[in-house]
Amino acid sequence: MSEAPKSLNFIEHIIEEDLANGFPKERLRFRFPPEPNGYLHIGHASSICLNFGLGLRYSSPVNLRFDDTNPVKEEQEYVDAIKRDVKWLGYNWDTERYASDYFQQLYDWAVQLIEEGKAYIDSQSSEEMAAQKGTPTEPGTHSPYRNRTIKENLELFEGMKQGEFEEGSHVLRAKIDMASSNMLMRDPIMYRILHKAHHRTSTDWCIYPMYDWTHGESDYIEQVSHSLCTLEFLPHRELYDWFLDQVYDKTKVRPKQREFARRNLSHTVVSKRKLLKLVDEGVVNSWDDPRMPTISGLRRRGYTPESIRNFADTIGIAKRDNLIDVSLLEFHVREHLNKVAPRVMGVLDPVKVVITNYPEGKEEWLEAENNPEDVSSGSRQVPFSREIYIEKDDFKEEANRKFFRLKLGSEVRLKNAYIIKANSCSKDTDGNITEIQCTYDPRSKSGSGTEESLRKVKGTLHWVSIKHALEAEIRIYDRLFLDESPDTHKDKDFMEFINPDSLKVIKGYLEPSLKNVEIQDRVQFQRLGYFCVDQDTSQGNLVFNKTVGLRDTWAKIQQNN
RNA sequence: UGGCCUAUGGUGUAAUUGGCAACACAGCUGGUUUUGGUCCAGUCGUUCUAGGUUCGAGUCCUAGUAGGCCAACCA
C-alpha cells in the first residue's frame with residue numbers, strides 16, 4: 001500500500017519542526033476545548049477535525065476539555081450536546097476533562113503568585129479599572145490598590161473565596177505592566193466573584209478564574225503539547241506564556257499556543273451569539289433546525305460525518321481571512337451520499353399521466369436497482385399501473401430539441417419501466433395542465449432484453465404509481481441568508497439578510513418501498529436530490545428533509561438562455 | 001496617534017524551506033449513461049504594489065497598499 005504524499009499545513013510543519021528538534025513524539029498531546037455555552041457548529045467541526053486529526057496522525061491522545069469557568073452562561077445540556085456531536089463526527093477523546101476540575105490547583109497557584117508579589121486584589125469598579133486601562137495608543141495607569149501588602153492581599157483573597165464579599169467588590173489581578181503595548185498585559189483580571197452555582201462544582205466556589213488564567217494552566221496540567229486556537233487569541237499568547245512562566249517546571253512539557261484563522265462559511269453565520277439570536281427570534285425552529293450550520297442541524301439535514309470530515313480536510317487550515325463557499329460543503333455531501341444513498345423515486349410537483357393503452361386495474365411490480373454505484377445494494381420492486389405521477393417540469397406541450405423530456409408526439413423512458421409517448425393533454429379553465437394522455441410500448445419493459453427495451457430514447461423520467469404512492473411531507477431548504485457574508489457589513493445587521501424563503505414545505509408522492517424507513521435514513525430521490533427522514537416522522541406521517549439537490553446541468557442550461 | 005497578524009486563479013489550500021506555481025471546488029468543451037446524476041477526457045485561469053539581495057524570489061529584506069485583531073469582572 002502506497003500512501004499519497006499529503007502536504008502539511010502550517011500547524012503540522014510546526015509539530016514536525018518540534019519533533020526534528022528533539023521533542024519526543026510520545027509526548028505529543030492535543031485537546032479540543034469548547035465552552036459549554038452553546039451548540040457546536042461547522043466552525044468547531046474544523047477545529048475538532050484539526051485536533052483529533054493530529055491525534056490520529058501522530059497516534060497521540062486528544063482530550064475533550066470543557067472550558068467551564070463562567071457559570072453564568074454554561075449548562076450541562078450543552079456539555080451533553082457537545083459530547084454527542086464530537087462522537088457523531090467519529091472521534092474518540094482520550095479523557096474527558098473540565099477546567100473546573102482544576103479550580104483548587106488554580107487557586108493554590110494564585111495564592112503563590114500573591115505571595116510572590118505578582119498578583120493583587122483590586123477593589124475598584126470595573127468602570128474605574130477600564131478608565132485606568134488606557135487605550136491601544138496610550139499606556140494605562142496604576143490602580144491605587146496595586147501596592148497593597150502581601151498580607152492584605154492574602155486576607156482579601158481568602159475572604160473572596162469564603163464568600164464574604166459581594167459580586168464586583170474585588171478582583172484578583174496579575175501585576176504585570178500597565179504600559180504594555182499589549183492591552184492584555186495591563187494587569188489582567190485572574191479571578192472575579194460570582195455568587196452563582198456551577199453545573200459541576202455547584203456552590204463550592206464563589207470566585208471563578210478568568211479564561212487567560214485558566215486555559216494555559218489547564219493545558220499545562222494536562223500536559224498538552226500544542227494548544228491550538230483561533231487567531232483572535234493571538235494577543236493572548238504573551239499572557240498565556242507569562243502565566244505559564246509562573247508555574248512551569250522544566251521537567252514537564254511546556255504547552256505551546258498556536259493560532260489559526262477561523263473558517264467562515266458563505267451564506268451563514270457561525271457565532272454562538274448570532275445563532276442563538278436566530279433561535280430566540282424564531283427565524284429557525286431550534287438549534288438543530290436543518291438550516292442551521294450547527295453540527296446537530298447538519299446532522300438533521302442529512303449530512304454525514306464523513307462528508308463533514310472530508311470538507312474540513314479539503315479546506316485545510318491557515319492564517320488568512322477566508323470565506324468558504326457553501327457549495328464546497330455541498331459537494332462533499334453529494335460525493336458521499338452518491339456512494340451510499342439508496343435510489344428511490346418520488347414526485348414532488350406532480351402532474352397526472354394516464355397510459356390509455358394500459359389495462360385498467362392491472363398492476364405490475366418492476367425491478368429497480370437500489371444504487372448503480374454499489375452493486376451489492378441489490379434491487380427492489382416498484383409498482384406500475386395505468387395512472388402515474390410525473391413532475392410538472394418534465395412535460396411541455398412543445399419544446400425544442402434540447403428538452404430531453406416528455407412533449408406531445410414524442411417518447412420518453414420511464415425509469416425502470418416502459419417507453420411512453422405523449423398524445424394529448426387536458427387543461428383546467430386557467431390553462432394549467434391537469435392530465436397527460438400517453439400510450440406505452442408493452443415490449444419496451446426495462447430489463448426484459450427485447451429489442452424494444454434496448455431502444456435509445458433521449459430522456460428518462462422518474463414517476464410513481466398514483467394508486468400505490470405514499471404521501472409525505474417534504475421540507476425543502478434554501479440558504480438562510482441571501483448575502484454571502486451577512487455579518488461583515490459595517491452598516492447593516494446580519495438579520496437584514498435573512499432569506500424569507502429558506503423553508504418550503506410541500507407534499508410529495510413516494511414509491512411504497514419507503515413505508516418502513518427510519519429516522520435519519522438517507523435516500524436519493526432520483527433526478528432530484530438527497531433526502532433524509534426527519535425526526536418529526538411518526539406513524540402514518542412521513543417527513544423528509546432535503547439535504548441537497550443533485551447537480552443540475554439542465555437548470556444551468558435554462559438559466560443561460 | 002500605537003502594537004500585532006495576514007496577502008498565491010472566481011473560492012479554499014499547497015509548493016521538497018531560495019530552484020519548472022500545483023491539488024480540490026466552481027466554470028467551460030466533449031464522451032459514456034435507463035438519473036440532464038455518477039464516471040471519463042480535455043480546457044480556462046494565480047503569486048497585492050514598488051524597490052532591493054541573488055545565477056535564480058511566491059518564499060528573504062525595505063517601503064507602501066489592502067484586510068483583520070487588540071481597551072468584557074466573556075471564552
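Chain letters run A, B, ... following the sequence lines, proteins first and then strands; every chain starts at 1. The structure presented is a predicted model; accordingly, all values stated were derived computationally and were not measured.
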*Using the side chain to side chain contact (heavy atoms under 4.5 Å, CB included) rule, take A/M178 and A/R186 through it: C-alpha gap first, then chi angles, then the decisive distance, then the call.*
CA-CA 4 Å; A/M178 288 304 289; A/R186 325 245 261 224; 3.7 Å; yes
Take atom [atom1] in [N] and the same atom in [M], then report the distance between them in whole Å.
{"N": "B/rG56", "M": "B/rC23", "atom1": "C1'", "value": "26 Å"}
{"N": "B/rA22", "M": "B/rC61", "atom1": "P", "value": "25 Å"}
{"N": "B/rG18", "M": "B/rG58", "atom1": "P", "value": "13 Å"}
{"N": "B/rA15", "M": "B/rG2", "atom1": "P", "value": "34 Å"}

Quick one: label [X] by what it contacts on the DNA or RNA (base, sugar-phosphate, nothing), any heavy atom closer than 4.0 Å.
{"X": "A/H236", "result": "base"}
{"X": "A/P34", "result": "nothing"}
{"X": "A/K456", "result": "sugar-phosphate"}
{"X": "A/K196", "result": "nothing"}
{"X": "A/S266", "result": "nothing"}
{"X": "A/L528", "result": "nothing"}

Taking atom types as modelled, is there a side-chain donor on [X] or [Y] under 3.5 Å from an acceptor on the other?
{"X": "A/E77", "Y": "A/Y39", "value": "yes"}
{"X": "A/T268", "Y": "A/R479", "value": "no"}
{"X": "A/E391", "Y": "A/H462", "value": "yes"}

*Between residues 332-341 of chain A and RNA chain B, which residues have a heavy-atom gap below 4.0 Å?*
A/N338
*What residues in residues 176-191 of chain A put a non-hydrogen atom under 4.0 Å from any atom of RNA chain B?*
A/S181, A/M183, A/I189
*asked:* Below 30° counts as parallel, above 60° as perpendicular, anything between as tilted: where do the rings of A/F481 and A/F494 land?
replied: tilted
*Between A/W205 and A/F103, what is the ring plane arrangement, given parallel below 30°, perpendicular above 60°, and tilted in between?*
perpendicular
Establish, yes or no, whether a centroid distance under 6.0 Å links the rings of [X] and [Y].
{"X": "A/Y107", "Y": "A/F157", "answer": "yes"}
{"X": "A/F531", "Y": "A/F544", "answer": "no"}
{"X": "A/Y303", "Y": "A/F311", "answer": "no"}

_Evaluation steps, side chain to side chain donor-acceptor pair (under 3.5 Å), between A/H215 and A/R31_ = CA-CA 11 Å; A/H215 202 92; A/R31 107 267 90 117; 2.8 Å; yes
*Go through RNA chain B in 5' to 3' direction and return only the first and the last nucleotide with some atom under 4.0 Å of chain A's heavy atoms.*
B/rU1 to B/rA75
*asked:* I'd like to check the ring-ring contact (aromatic ring centres under 6.0 Å, His included) partners of A/Y98; sequence neighbours left out, ordered by chain and number.
replied: A/F66
*Not counting sequence neighbours, which residues clear ring-ring contact (aromatic ring centres under 6.0 Å, His included) with A/F30? List them please.*
none
*With a cut-off of under 6.0 Å to the ring centre and 45° to the axis, is A/K415 in cation-pi contact with A/W463?*
no
*Kindly express the pairing pattern of RNA chain B in dot-bracket notation, using | wherever a base pairs with another strand and counting only Watson-Crick or G-U pairs under 3.5 Å.*
.((((((..((((.....[..)))).(((((.......)))))....(((((..]....))))))))))).....
*After noting the C-alpha distance and the side-chain angles of A/Y208 and A/T214, does the key distance pass the side chain to side chain contact (heavy atoms under 4.5 Å, CB included) rule?*
CA-CA 10 Å; A/Y208 290 92; A/T214 309; over 6 Å; no
